[in-house]
Amino acid sequence: MALRAEPPDGGWGWMVVLSAFFQSALVFGVLRSFGVFFVEFVAAFEEPAARVSWIASIGIAVQQFGSPVGSALSTKFGPRPVVMAGGILAALGMLLAAFATSLTHLYLSIGLLSGSGWALTFTPTLACLSRYFSRRRSLATGLALTGVGLSSFAFAPLFQWLLSQYAWRGALLLVSALSLHLVACGALLRPLSLAEDPVMGGPGAQLANLLHHGPFLRYTVALTLINTGYFIPYVHLVAHLRDLDWDPLPAAFLLSVAAISDPVGRVASGWLGDAVPGPVARLLMLWTTLTGVILALYPVAQAPTALVALTVAYGFTSGALTPVAFSVLPELVGTGKIYCGLGLVQMVESIGGLLGAPLSGYLRDVTGTYTASFVVAGAFLLAGSGVLITLPHFFCFSAPTSKPQDPVTEALDTKVPLPREGLGED
Amino acid sequence: MVTGEHSNMPVEKNITLERPSNIELTCQFTTSGDLNSVNVTWRKGDELLENNYLINATGSILYTQYMFTIVNSEQMGSYSCFFEEKKEQRGTFNFKVPELHEKKKPLITYVGDSVVLMCKCQGCFPLNWTWYSSNGSVQVPVGVPINNKYVINGKTANETRLKIMQLSEEDQGSYWCQAIFQLGESEEHIEIVVLSYWVPLKAFLGIAAEVVLLVAIILLCEMYTQKKKKHSDDGKEFEQIEQLKSDDSNGIENNAPRHRKNESVGQ
């Protein structure tokens, strides 16, 4: 395969977008709709809700912490075999879960096995997408990520129907069959050799290089802060509304409203990110600041119309910040190191995600209302956007897009030691 | 003690009763005409009741009160007070034992699996519970623990659970749980469907085959287009590489893209 000087920005890239779209749907859509199975598991195993919730938590944690593994393997073998293997693992986990006789069985099959499968699929795919696009990277990412929101809509009723026809065992078998499509998505990820690849070295060298890269580390810190506050409304909005004496159905409906404005925000932001010159980090800061302000305004809003408006805005801005968050990374570290970079970022930012919801819940328990929780979440987002200002070229007005140049010069300096230390594996 | 009041319009009241009780039913009737011309009677169902009721008149309102005791299930039912003037006005009191939950969706289970059927009574405490299954019109009591197949227990007095283990296709059908009170019984219907694993497995294998097909198509398409490209590009590629090698003094191929890129950015 010939080495390319630049990302193709189209052509087969759009098939990669399609693959990423279905993968976001099959990984996160499944995760988000798993609540439907929750009730069945509580009844079938006669276990308390808290213990059953661990199934999803373990799955999410394994998916995020396993991201660097997915990245490292993709750097070595290319994304295609890794994602296909991940798809098989994810489906296998669900298949074994169908025969579960205890809750522990489910922790291991869905949580550990499927979680590992998901870790091997999502991150390599997004990284692959970043390599296929440069000028239209944000739009491509935004489009791909809409898969998450749309699938949550479709899968929840689908899973409910599967449960009514086949009970949870049969339904899990069929969700496993659904997850097998990840393998087909993986097949679409044609390997792409970019100019800077051969000098990047193997995953070990890349990881070490990234850990000494100042802007990358600052960016990781920023994303971790953002992640801590980001999920709070999805987790606690309904409870907050119930505190304000809303009925359960309108409260759940409000969350669906956010789920609608979310993909709109993603695509709009993706288009904007490519259309506006200059570092994408500035747009990320814009959306993050807006989201932070909105979160801080939640306790002030009492009237239903104000809450609806805030939620629509939250859906839009929080969706908007996702594609640009992924686009900043290639600008920082170059497309050659994108796999490892993305894996590391996912792993570290997941700490924020894991801590955010319990912290918010703790504040609620201590103060009695969700006011403190929302304000603190907003503060985390604003802190994250503050750290973003420290990224290089933030205040420049020229257009440093993904730079294959710099990593090549960097790598040339390290090229000589690599083969001698035996780190660079080809 | 139970009291009821009605006025002017035919009205019905439902009363839930679990234990034997003393009952006091009251009806009031307002009319502008002559109270003495109103004929007052009490009936249980269609049967006229003879004694134990009082009639009282105050101003333009006529009161009647019926007192009795309910001890067993024969005394449950509908009691009505009748006021006959030009037309007949009545008020009805319906006595029933507590009802169990309403309809449930059929439970789907698999061969070899086990299932728990549960019946619950809200705020009431039956004396006893029984289970039976019906195939067609024959009702068969269920619950004798033969071969460890059935286990009946309940965590609290107001619920009962029937656990059926090692399900087979013969266990499919309707099951009834019956709550027994001193004053009668109440039942609930649950249906069980027993599927074999083959049913979802067939669907699974079908979808898996579809995925394998998709992957094969994608990979074959790719091999095909690459073969075509290779045949047409082979000649061109060779030329390009030869040219680069001679242009570049270092001979390091990787610098070549950088070179070209520099040129284009400079423009």
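Scope of the values below: all heavy atoms of this structure, side chains included, with no hydrogens, waters or symmetry mates. Numbered from 1 within each chain, the chains take letters A, B, ... in sequence-line order.
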- Message: Can you give me the closest heavy-atom contact between B:I218 and A:A187, atom names plus distance?
- Response: CG2-O, 3.6 Å
- Query: Which bit of B:L201 comes within less than 4.5 Å of chain A, counting heavy atoms only: side chain, backbone, both or neither?
  - Reply: both
- Quick one: which of A:A44, A:A98, A:A171, A:G170 has the most heavy-atom pairs under 4.5 Å with chain B, could you say? A:G170
- Contact list (residues 110-120 of chain B to chain A, heavy-atom gap under 4.5 Å, by number) returns B:Y110, B:D113
- Message: Could you report the tightest heavy-atom contact between A:L174 and B:F204, atom names first, then the distance?
- Response: CD2-N, 3.9 Å
- Query: If contact means a heavy atom pair closer than 4.5 Å, which residues of residues 12-23 of chain A contact chain B?
  - Reply: none
- Task: Considering only heavy atoms, give the residues of residues 158-168 of chain A separated from chain B by less than 4.5 Å, sorted numerically, with 'none' for an empty result.
- Result: A:S164, A:Q165, A:Y166, A:A167
- Query: Of all the residues in residues 175-187 of chain B, which have a heavy atom that comes within less than 4.5 Å of a heavy atom in chain A?
  - Reply: none
- Is there a side-chain contact (heavy atoms from CB on, under 4.5 Å) between B:L219 and A:R80 once you walk through the steps? CA-CA 11 Å; B:L219 293 178; A:R80 173 182 275 166; 3.9 Å; yes
- Task: Could you tell me whether the side chain of A:H181 reaches within less than 4.5 Å of the side chain of B:I207, counting heavy atoms only?
- Result: yes
